[in-house]
Amino acid sequence: MKEVTPFGMSKKVSTSHAGMTRFAALRREIMSSEISFLMEAHDGLSAKIVEEAGFRGVWASGLTTSAALGLRDSNEASWTQVLDQLEYMADATRLPILVDGDTGHGNFNNVRRFVRKLGERGLAGVCIEDKLFPKTNSFIGEGQALADIEEFCGRIKAGKDSQVDDDFVLIARVEALISGLGMAEALRRAEAYHQAGADAILIHSKRSTAEEILAFTRAWGNRAPLVIVPTMYYATPTAVYREAGISTVIWANHLLRSALVAMRETAARIAEDESLMRVEGQVASVQEVFRLVGNAELEQAERQYLPARPSATAVVLAASGGDLGTLTVDRPKCMLDVRGRPLLGNLVHTLRESGVRDVTVVRGYRKEAVRLDGVRMVDNDRHAETGELWSLACAREAIRGETVITYGDVLFRRHILDGLLRSEADVALAVDSLGATRRPSGTARDLVVADRPFSGDYLDDTPAHLRRIATDIAPADSCGEWMGLFRVSARGAGWLREEMTAMEAEGLLEAADLPLLLTRMAARHPVQVLYFAGHWLDIDTLGDLAEARNLG
Ligand code: SPV
Ligand code: MG
């Protein structure tokens with residue numbers, strides 16, 4: 001069988017941990033004298049959560065897999081639909097999966113095909129129960145009819161004869177206690193199934209205490225490993241099962257049940273508030289979803305398999321000190337702590353998350369305090385008497401291909417940077433369409449005049465072009481506030497260097513700021529304005545710093 005890839009690209013996934021096949025890994029869990037635990041999953045994502053929690057195996061529950069599809073645990077999903085769900089789980093985790101095979105979906109013949117298909121898709125074992133197709137969940141009703149013992153033994157033999165790997169595990173589930181047929185019948189059935197070749201016995205009970213399970217265990221006397229599902233007798237301490245010699249405990253449905261509570265609560269809040277404000281922060285971040293489903297692996301694969309596209313570099317202007325009182329005596333503003341790392345560290349993290357890995361920082365004030373791993377430092381030693389353009393000129397050599405240029409005292413959410421990087425414009429500016437009214441007047445803001453204000457429709461991609469950026473524009477005349485962030489293509493980088501050369505010749509290089517540079521560029525070349533709404537901050541005051549600490 002093929003090797004499993006980290007995200008299960010292979011259908012024939014078989015490798016678990018330490019080179020052991022998943023079949024062997026499940027067999028070891030079931031057969032070992034140590035107690036083992038299997039945790040319920042019902043789809044690929046929940047299977048990943050089981051693995052991350054440290055479990056050594058997954059229970060692919062019939063109840064929760066069907067419930068997650070909005071169906072009853074009554075074989076309403078066809079067995080091939082179930083098989084597809086199981087395949088997502090097998091692809092999502094390296095753990096061995098024990099499949100709840102219900103009755104085996106029919107007679108011995110259906111069991112043969114089912115077991116073969118499970119093995120082919122990397123599912124390590126199956127549990128079949130001695131009921132009749134279509135099954136009903138064990139916790140519904142009383143006295144459910146059971147299969148004829150001999151007929152069920154035929155299903156077990158047929159399953160064992162059809163396994164594609166010698167270590168495939170087939171567990172026979174005894175429903176006699178559930179159906180009220182008593183201990184003797186349960187033991188008689190368990191023995192018959194054991195003789196028929198079952199690798200282990202699942203003895204099920206719906207009592208609220210473990211008494212009948214423990215009585216069965218004592219009478220059984222370790223003839224074959226025992227598996228239990230303590231959903232109803234949940235209060236029994238696990239030490240009791242350990243002491244009794246139970247092989248495996250299945251926590252059968254608790255991920256689905258906990259997700260239900262969380263989903264209901266979130267839906268109710270959003271419905272009530274008509275807003276996401278209260279739930280953001282309570283729910284997993286989108287980044288966390290990306291992490292769980294393995295986007296990092298895809299990025300790596302893209303680097304390996306897609307034609308190479310030179311990636312953007314960045315220049316961060318962080319030479320000025322920033323006046324935040326005692327906080328900026330021994331370090332510049334960009335090195336102040338924001339959620340456990342310097343502001344500059346947060347900024348560089350956002351750049352890297354968007355694939356911008358080559359970062360040059362222009363430092364000046366208290367430059368010895370500006371340190372960050374994996375970042376190139378360029379010094380503006382005349383920071384006290386020069387302006388932004390001089391700092392940019394210090395990094396001129398870094399502005400060759402596609403380049404993101406940003407102030408070092410801003411924070412923005414990643415979608416803003418991604419928007420700039422996706423833009424096909426040669427020069428693209430991030431502009432906050434709400435920015436003109438963002439702060440009380442008195443704070444200097446880089447306001448923007450463009451040929452088109454924001455239309456109010458984020459799907460409208462008619463380009464807007466810069467006319468002017470300055471701090472002396474009346475808010476009413478402006479289209480928004482520049483966020484201190486722009487991107488140039490390789491062509492735009494050429495325009496930018498040309499403009500710097502022209503300004504140098506006019507003696508403007510030392511004192512000019514970036515708004516003047518961009519305004520002049522816009523007079524000669526198209527400089528596109530990309531509108532966003534909020535989700536960024538520049539840190540000028542202690543209040544801004546406090547707010548930055550909240551910009552999750
Ligand atoms: C399942 O998880 O689907 C099971 C266990 O079969 S039980 O719901 O207890 O029957
Ligand atoms: Mg079930």
Side-chain angles (χ1 to χ4, degrees), residues 30 37-43 46-47 49-50 55 57-79 81-83 85-86 89 97-106 110-111 114 118 123 125-147 152 155 159 169-180 186 189 193 198 200-210 212-213 216 226-236 241 246-260:
I30 302 291
F37 302 96
L38 299 181
M39 182 73 220
E40 171 262 325
H42 47 274
D43 57 15
S46 51
I49 287 170
V50 172
F55 283 97
V58 175
W59 166 248
S61 157
L63 168 65
T64 65
T65 302
S66 39
L69 295 170
L71 299 176
R72 290 163 286 213
D73 188 14
S74 305
N75 297 125
E76 290 183 334
S78 72
W79 74 270
Q81 288 173 326
V82 171
L83 194 63
Q85 283 296 104
L86 293 168
M89 293 187 217
I97 299 174
L98 175 63
V99 172
D100 177 355
D102 293 338
T103 60
H105 301 277
N110 305 93
V111 172
F114 187 50
L118 292 179
L123 283 312
V126 69
C127 175
I128 55 172
E129 61 200 45
D130 55 356
K131 293 203 302 216
L132 303 171
F133 181 90
K135 58 80 56 89
T136 302
N137 185 276
S138 303
F139 303 139
I140 296 174
E142 299 296 331
Q144 288 187 28
L146 299 194
F152 190 68
R155 282 188 242 169
V169 172
L170 188 146
I171 298 175
R173 166 163 157 180
V174 176
E175 289 281 303
L177 300 178
I178 296 265
S179 286
R189 284 177 173 263
Y193 305 160
I201 300 295
L202 190 156
I203 180 67
H204 205 10
S205 165
K206 58 180 181 180
R207 296 269 171 86
S208 59
T209 71
E212 65 178 8
I213 288 293
F216 180 94
L226 286 186
V227 180
I228 61 168
V229 186
T231 303
M232 292 301 170
Y233 46 99
Y234 57 84
T236 311
Y241 308 138
I246 297 293
S247 153
T248 304
V249 177
I250 294 177
W251 312 119
N253 44 46
H254 301 79
L255 292 194
L256 183 95
R257 285 164 64 193
S258 61
L260 261 182

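Both counts, for ligands and for their atoms, begin at 1 and track the order of listing.
- Aromatic pair H204/F139: ring centres closer than 6.0 Å.
- When the options V249, T236, I201 are evaluated for a side chain to side chain contact (heavy atoms under 4.5 Å, CB included) with I228, the one that passes is V249.
- Atoms of the protein (N, O or S only) found under 2.8 Å from the Mg ion (ligand 2) are D100 OD2.
- Salt-bridge annotation for D73 and K135: present, with a side-chain N of the basic residue lying under 4.0 Å from a carboxylate O of the acidic one.
- The closest side-chain heavy-atom distance from R173 to V227 is not below 4.5 Å.
- With no hydrogens or angles considered, a side-chain donor-acceptor pair links S205 and E212 at under 3.5 Å.
- Protein residues with any heavy atom under 4.0 Å from ligand 1: W59, S61, G62, L63, D100, N137, S138, F139, R173, H204, A252.
- Looking at E142 and K206, a side-chain N of the basic residue comes within less than 4.0 Å of a carboxylate O on the acidic one, giving a salt bridge.
- With respect to L202, the side chain to side chain contact (heavy atoms under 4.5 Å, CB included) criterion is satisfied by exactly one of V174, I250, L226: I250.
- Contact of the S138 side chain with the M232 side chain is not registered, since no non-hydrogen atoms from C-beta on lie closer than 4.5 Å.
- Using modelled atom types and a 3.5 Å distance limit, the side chains of E40 and T64 yield a donor-acceptor pair.
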